[in-house]
J.: 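What follows is a single structure, and I will ask about it in a moment.
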2 protein chains.
Amino acid sequence: MANLNTGAPTQIDLGFHALADATRRAVIEKLHEGEAAATELAEPFDMALPSFMKHLRVLEAGGLISTRKEGRKRMCRLERAQLARLSGWINAYEAGWQNRLDRLDAFFKDGE
Amino acid sequence: MANLNTGAPTQIDLGFHALADATRRAVIEKLHEGEAAATELAEPFDMALPSFMKHLRVLEAGGLISTRKEGRKRMCRLERAQLARLSGWINAYEAGWQNRLDRLDAFFKDGE
DNA sequence: TTAAAACTTACCCAAATGGCTAAGTATGTT
DNA sequence: AACATACTTAGCCATTTGGGTAAGTTTTAA
């Protein structure tokens, strides 16, 4: 097997990376309640807005949220499919899941 | 709410961070087959051993593996409980899981 | 038409990450 | 005792990350 870290990071890399930060996880929790604008999401944090917007971009790059412009607001919504993929990766190798491995592998390969 | 990023990263931060890399995920996949020594795990990768050992330390810091010294070998084994916690975090907010939220929150707080 | 709101762009910075090499230590084999 | 195996430590380096400020732009409200 050659080096696995050739080229650009995958959606899985970026997805788990996005989850590896308390601020970003808090955004995900909030978005479970529904869509929200960027500033609205930023409000709880002691952080300059441009810094917070970087977190949103990391979440978007990881496929965990999608955003669209609505007037002057940037609306954000949760991408539950990516959450499912990531938790799916973790659980794919658990006892009793072996029979689902092939399906998951195929799913991941399609998405990259 | 104050800044969530005060102080040291939590086990959840470190756990997801450990998963955000293809090399480390490959190690986890391999360890599902059972314990293995560090060099044995390193063999598939085009990487110097000290570089690979850093990945093992990242996995250990994230609670995903535990290691022990056995003679001159460092044996590694998977910590399935942490995998369960991380996939648990992701699924805690899925539809139909709301009733398990309190239990999970308590579980996370105990472990930190 | 002016001003406020909600970003957005451009840049700076310190620390962490992920790779390397070179040299050391500890343990097992012959 | 000598050598090989399996790490281990130490340090170097480029890039990424996660924060910041300052100064735009675009849209909405007054």
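Within every chain, numbering begins at 1; the chains are lettered A, B, ... in the order of the sequence lines, protein sequences first and strands thereafter.
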J.: Encode nucleotides 3-9 of chain C as B, S and - characters from 5' to 3', where the letter depends on protein heavy atoms closer than 4.0 Å: B to the base, S only to sugar-phosphate, - to neither.
T.: -BBSBBB
J.: Between B/H17 and C/dA16, is there a side-chain N or O to OP1/OP2 distance below 4.0 Å?
T.: no
J.: For the residue pair A/R25 and A/A20, what are the closest heavy atoms and their distance?
T.: NH1-C, 3.8 Å
J.: Can you tell me how the ring of B/F16 sits relative to the ring of A/F16, calling it parallel under 30°, perpendicular over 60° and tilted otherwise?
T.: parallel
J.: Among the clusters formed by ILVMFWY side chains lying less than 4.5 Å apart, do A/L59 and A/F52 turn up in the same one?
T.: yes
J.: Counting side-chain heavy atoms from CB outward, which of D/dG19, D/dT17, C/dC20 is closest to B/K54?
T.: C/dC20
J.: What integer distance in Å separates B/L59:CG from C/dG18:P?
T.: 11 Å
J.: Could you check how far NE2 of B/H55 sits from C1' of C/dA16, rounded to whole Å?
T.: 14 Å
J.: Same cluster or not: are B/V58 and B/L83 linked, directly or through other Ile, Leu, Val, Met, Phe, Trp or Tyr residues, by side-chain heavy atoms under 4.5 angstrom apart?
T.: no
J.: Which whole-number value in Å describes the distance from A/D46 CG to D/dG20 C1'?
T.: 14 Å
J.: Quick check on DNA chain D: between A/E70 and A/R24, whose nearest nucleotide comes earlier from the 5' end?
T.: A/R24
J.: Rounded to whole angstrom units, what separation is found between the CG atom of B/D13 and the C1' atom of C/dT17?
T.: 15 Å
J.: In whole Å, what is the span from the CZ atom of B/R68 to the P atom of D/dA6?
T.: 16 Å
J.: C/dA16 C1' sits how many Å from B/D21 CG, rounded?
T.: 14 Å
J.: Taking atom C1' of C/dT17 as reference, at what distance in whole Å does atom CG of B/L14 sit?
T.: 13 Å
J.: Applying side-chain hydrogen bond (donor to acceptor under 3.5 Å, both in side chains), name anything that partners B/S66, two or more places apart in sequence or on another chain.
T.: B/E79
J.: Examine D/dG20: is either OP1 or OP2 under 4.0 Å from a nitrogen or oxygen in the side chain of A/S51? Give yes or no.
T.: yes
J.: Same hydrophobic cluster for A/F45 and A/L31, using side-chain heavy-atom links shorter than 4.5 Å among ILVMFWY?
T.: yes
J.: Starting at atom CZ of B/F52, determine the distance to atom P of D/dC7, rounded to an integer number of angstrom.
T.: 10 Å
J.: So, A/E35 and A/K73, do they make that salt bridge, N to O below 4.0 Å?
T.: no
